[in-house]
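The block underneath contains the structure these notes are about, expressed in structure tokens.
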Number of protein chains: 2
Amino acid sequence: MTRFAVTYRIRAATRAEAMARAEGIALEQTVEIPRDLVPPGYVTDEILGRVEDLGRLAADVWRAVVSYSPDSAGDDLTQFLNVIFGNSSIQAGIRVIGLDPGPEMARRHPGPRFGIAGLRRLTGRATGGMIAPVLKPMGLSPQDFARLAAGCVRGGADIVKEDHGLAGQPTAPFRARVEAVARAVAEENARRGTAALYFPNLSGRPEEIEANLRFARDAGAGGILVMPGLFGFGLVERIAGDAGLNLPVMTHPAFLGPYVLAPDTGIDHGTLFGTIQRLAGVDISVFPNVGGRFGFTAAECAQIAGACRTPAGPGRPMLPSPGGGMSVARAADMQAMYGEDVVFLLGGSLLQDPARIDTAVAAMRRALDAAPKG
Amino acid sequence: MTRFAVTYRIRAATRAEAMARAEGIALEQTVEIPRDLVPPGYVTDEILGRVEDLGRLAADVWRAVVSYSPDSAGDDLTQFLNVIFGNSSIQAGIRVIGLDPGPEMARRHPGPRFGIAGLRRLTGRATGGMIAPVLKPMGLSPQDFARLAAGCVRGGADIVKEDHGLAGQPTAPFRARVEAVARAVAEENARRGTAALYFPNLSGRPEEIEANLRFARDAGAGGILVMPGLFGFGLVERIAGDAGLNLPVMTHPAFLGPYVLAPDTGIDHGTLFGTIQRLAGVDISVFPNVGGRFGFTAAECAQIAGACRTPAGPGRPMLPSPGGGMSVARAADMQAMYGEDVVFLLGGSLLQDPARIDTAVAAMRRALDAAPKG
């Protein structure tokens with residue numbers, strides 16, 4: 001069928017209550033009027049959500065599959081997400097735990113332009129995990145960031161990523177910073193024959209975004225970091241799908257926490273940080289790693305990595321990017337957990353001695369290379 | 001002081017743990033590196049978040065006030081929200097329960113262009129609650145929506161609002177629909193000497209948004225409905241702040257549910273549906289009413305209404321707009337609860353007989369006018 005299907009986890013005491021809630025979702029996400037008022041014909045037959053399946057997961061927890069018409073969602077990702085979970089996100093005890101776009105929505109949202117294979121080609125890292133040191137803290141000057149970035153490239157970084165907090169701070173405005181860092185990365189790449197990619201953090205007022213994207217590309221950015229929780233997934237898809245820009249997209253989970261933290265509401269880790277990201281065309285999805293400052297479990301991280309990389313789609317497999325919790329001591333564990341198709345973020349621990357960040361990055365590269373594969 | 005202050009509700013067993021968590025937030029939301037690595041001088045003195053106050057709310061629940069520099073947030077709302085709650089949103093047991101922009105951020109985000117007084121002037125409704133019937137369901141034709149809209153104006157609607165699910169459905173594409181409905185509303189207003197405002201639902205791919213906004217304005221829309229949960233608050237502010245467009249903005253809570261539903265994470269009802277909306281320049285904030293299909297309590301709704309209308313700011317007072325749970329029978333209760341400065345959404349109940357929607361709207365107007373004031 002051409003319809004897309006969303007799997008919801010529903011809290012309900014009985015099968016009858018669960019079915020009533022599922023049918024309530026099917027109404028709420030489409031026509032948003034009582035069932036007996038839904039006009040017959042096209043609206044009832046095509047537009048109205050349809051409960052396709054209902055099963056029990058635990059004592060008072062159910063799994064309901066509701067299908068929707070591509071006609072309800074149109075061709076923009078914003079409205080697609082609105083049909084998936086717009087109003088139901090506000091009802092207690094409903095969580096999105098699966099999303100099958102079906103052939104038609106998969107065609108409208110073809111997924112990552114680069115994906116895992118594309119990023120390996122661009123960075124020249126044919127095998128092994130990639131490492132992405134993070135430029136921070138906010139408050140430094142463009143020259144400070146440029147020096148740090150050059151050190152990261154010397155140390156063997158595959159990607160030099162900006163902290164998601166770097167925006168338009170007066171000490172390092174977007175353009176001055178991007179220009180300085182991109183130049184430093186290019187010079188260091190030229191010197192060493194490497195192909196490290198610089199991902200600036202997209203920032204600015206909505207009316208500045210397009211110009212900032214072009215500026216970053218023209219300055220030599222090798223990709224772009226975007227926060228879908230603040231800018232919306234629609235903008236992410238628009239950037240990822242831009243053939244003229246042709247930049248890989250990495251997303252940051254800022255502001256998205258509440259979707260995953262409470263088990264009874266929101267969207268599960270794999271769907272939010274994997275499936276939806278792929279539909280938006282994202283190439284690298286950042287999420288908080290187990291063992292870091294955030295509370296994601298190993299199982300949640302594995303679910304994200306699985307959703308990012310499954311050959312089943314949607315679109316090309318993409319790279320999971322766990323942030324935090326990585327160190328020389330943990331490199332073997334991390335590689336055992338994530339395998340090779342992964343981008344490890346390296347954060348504050350690199351800044352023990354900013355002047356020797358190259359040494360710190362190189363130590364991580366050696367630790368990863370020395371760790372047992374697969 | 002010029003710093004802005006965020007109040008967080010923190011779960012912690014002891015005062016020492018609560019203080020450590022508050023100091024962790026101050027780091028996480030700004031420099032995002034360990035405290036001992038923060039460079040001295042400007043970064044430590046200005047950029048680093050500062051714990052200003054810590055108090056106990058309950059056995060293991062604390063209230064921490066953290067202040068931040070306007071330099072960290074720049075002048076775009078997206079980055080302002082990123083500093084308020086970007087990464088901390090992903091940490092369990094942290095909830096934003098208050099936001100004081102301080103003089104500098106209040107200057108950068110001056111708030112609603114119209115607010116309560118502006119909407120009363122535009123609609124001609126000098127006193128009493130306003131009513132806003134909703135055009136739905138998706139799947140109808142532009143002519144169907146135009147007929148419904150005309151009926152709503154005849155019945156005495158102050159605002160004719162589109163359902164947030166109306167987007168680019170093939171049966172009623174954005175432009176054809178907006179044109180037909182705007183014309184119907186204008187004709188009916190001319191006939192009756194009224195000034196009902198039509199608020200189409202903003203939809204489209206990011207690259208279509210600007211053109212869709214101009215199209216709606218030129219077609220005669222009297223305002224615009226936007227979903228910040230899907231488009232981002234940055235876009236909302238950009239629309240609300242556009243003097244050329246000069247349209248009041250109503251926001252819809254789609255996709256924002258997880259922020260408020262779990263008591264231990266996210267953002268509280270008043271801050272999300274009140275304070276932040278005012279900073280974004282919103283004139284009317286829609287939220288699910290007590291007694292409807294959603295589970296907001298009377299206290300949560302009162303918190304939202306209070307945050308929308310307090311003369312303390314930020315910016316002009318704006319209109320709370322409870323959706324659902326309104327009926328002729330409940331009109332007196334609702335007016336007693338919300339007072340007069342409110343926009344009541346009227347949904348599916350109006351569609352019992354679509355051809356007589358004017359009668360249904362008029363009955364609600366009469367019930368509201370007959371209800372005791374204040």
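In the text below, chain A, chain B and the rest are named by the order of the sequence lines, each starting its count at 1. This structure is a prediction, so every number in the text was calculated from the model and none was measured.
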Query raised in the report: If you count heavy-atom pairs under 4.5 Å between each of B/Ile94, B/Thr265, B/Val31, B/Asn87 and chain A, which one has the most?
Result: B/Asn87
Query - Heavy-atom pairs under 4.5 Å with chain B, option from A/Gly348, A/Pro354, A/Pro170, A/Ala73 with the top count - result: A/Pro170
Report summary line: So, the part of B/His164 with a heavy atom under 4.5 Å from chain A: the answer is both
Report task. Report the C-alpha separation of A/Phe231 and B/Leu235 in whole Å, then their side-chain angles, then the decisive distance to 0.1 Å, and conclude whether the side-chain contact (heavy atoms from CB on, under 4.5 Å) test is met. Result -> CA-CA 8 Å; A/Phe231 285 108; B/Leu235 182 65; over 6 Å; no
Query - chain B contact via A/Ile47 - which portion, at a heavy-atom distance below 4.5 Å - result: side chain
Requested in this report: Could you give me the CA-CA distance, side-chain angles and deciding distance for B/Gln79 and A/Leu230, then say whether side-chain contact (heavy atoms from CB on, under 4.5 Å) is met?
Outcome: CA-CA 8 Å; B/Gln79 174 63 10; A/Leu230 286 160; over 6 Å; no
Query raised in the report: Is it the backbone or the side chain of B/Pro137 that comes under 4.5 Å from a heavy atom of chain A, or both, or neither?
Result: both
Query - Leading residue by heavy atom contact count with chain B [cutoff under 4.5 Å; candidates A/Ser203, A/Gly295, A/Gly204, A/Gly41] - result: A/Gly204
Query raised in the report: Between B/Gln352 and chain A, which part of the residue has a heavy atom less than 4.5 Å away: side chain, backbone, both or neither?
Result: both
Report summary line: Answer key: most heavy-atom pairs under 4.5 Å with chain A among B/Asn82, B/Val83, B/Leu351, B/Leu256 is B/Asn82
Query raised in the report: Under a 4.5 Å heavy-atom cutoff, which of B/Leu166, B/Leu77, B/Asp75 has the most pairs with chain A?
Result: B/Asp75
Report task. Please state whether the side chain, the backbone, both or neither of A/Asp264 comes within less than 4.5 Å of a heavy atom of chain B. Result -> neither
**Report entry** Within-4.5 Å side-chain heavy-atom neighbours: A/Phe287 and B/Ile90
**Finding:** no
**Report entry** B/Arg214 atom CZ, neighbour heavy-atom count above 12 within 6.0 Å
**Finding:** yes
Report summary line: Turns out that what part of A/Tyr42 lies under 4.5 Å from chain B's heavy atoms comes down to side chain
Requested in this report: Specify the closest pair of heavy atoms between A/Glu237 and B/Arg205, including all atoms of both residues, with the distance to one decimal.
Outcome: OE1-NH1, 4.4 Å
Query raised in the report: For chain A, which of B/Val134, B/Ile84, B/Val38, B/Thr171 has the most heavy-atom pairs under 4.5 Å?
Result: B/Thr171
Query raised in the report: Once the angle between the rings of B/Phe255 and A/Tyr259 is folded into 0 to 90°, is it parallel (under 30°), tilted (30 to 60°) or perpendicular (over 60°)?
Result: tilted
Query raised in the report: So what's closer than 4.5 Å to chain B heavy atoms on A/Thr78: side chain, backbone, both or neither?
Result: both
Query raised in the report: For A/Pro39, is it the side chain, the backbone, both or neither that has a heavy atom under 4.5 Å from a heavy atom of chain B?
Result: side chain
Requested in this report: Check each atom of A/Leu261 against the heavy atoms of chain B and say whether the ones under 4.5 Å are side chain, backbone, both or neither.
Outcome: side chain
Requested in this report: Heavy-atom distances under 4.5 Å only: say whether B/Leu37 touches chain A with side chain, backbone, both or neither.
Outcome: side chain
Requested in this report: Report the distance from atom CD1 of A/Ile33 to atom NZ of B/Lys136, rounding to the nearest 0.5 Å.
Outcome: 7.5 Å
Report summary line: Among B/Ser88, B/Ser89, B/Ala254, B/Gly232, the residue with the most heavy-atom pairs under 4.5 Å to chain A is B/Ser89
Query raised in the report: Most heavy-atom pairs under 4.5 angstrom with chain B, which of A/Gly74, A/Ser72, A/Ser69?
Result: A/Ser72
Requested in this report: Please flag which part of A/Pro34 lies under 4.5 Å from any non-hydrogen atom of chain B: side chain, backbone, both or neither.
Outcome: side chain
Requested in this report: Take A/Asp71 and B/Gln169 through the test side-chain contact (heavy atoms from CB on, under 4.5 Å) and record every step on the way to the result.
Outcome: CA-CA 6 Å; A/Asp71 280 5; B/Gln169 284 87 17; 5.6 Å; no
**Report entry** Option that, when pairs with chain A are counted at under 4.5 Å, heavy atom only, ranks first among B/Pro70, B/Gly24, B/Gly139
**Finding:** B/Gly139
Query raised in the report: Looking at A/Arg293 and B/Glu32, does any basic side-chain N land under 4.0 Å from a carboxylate oxygen?
Result: yes
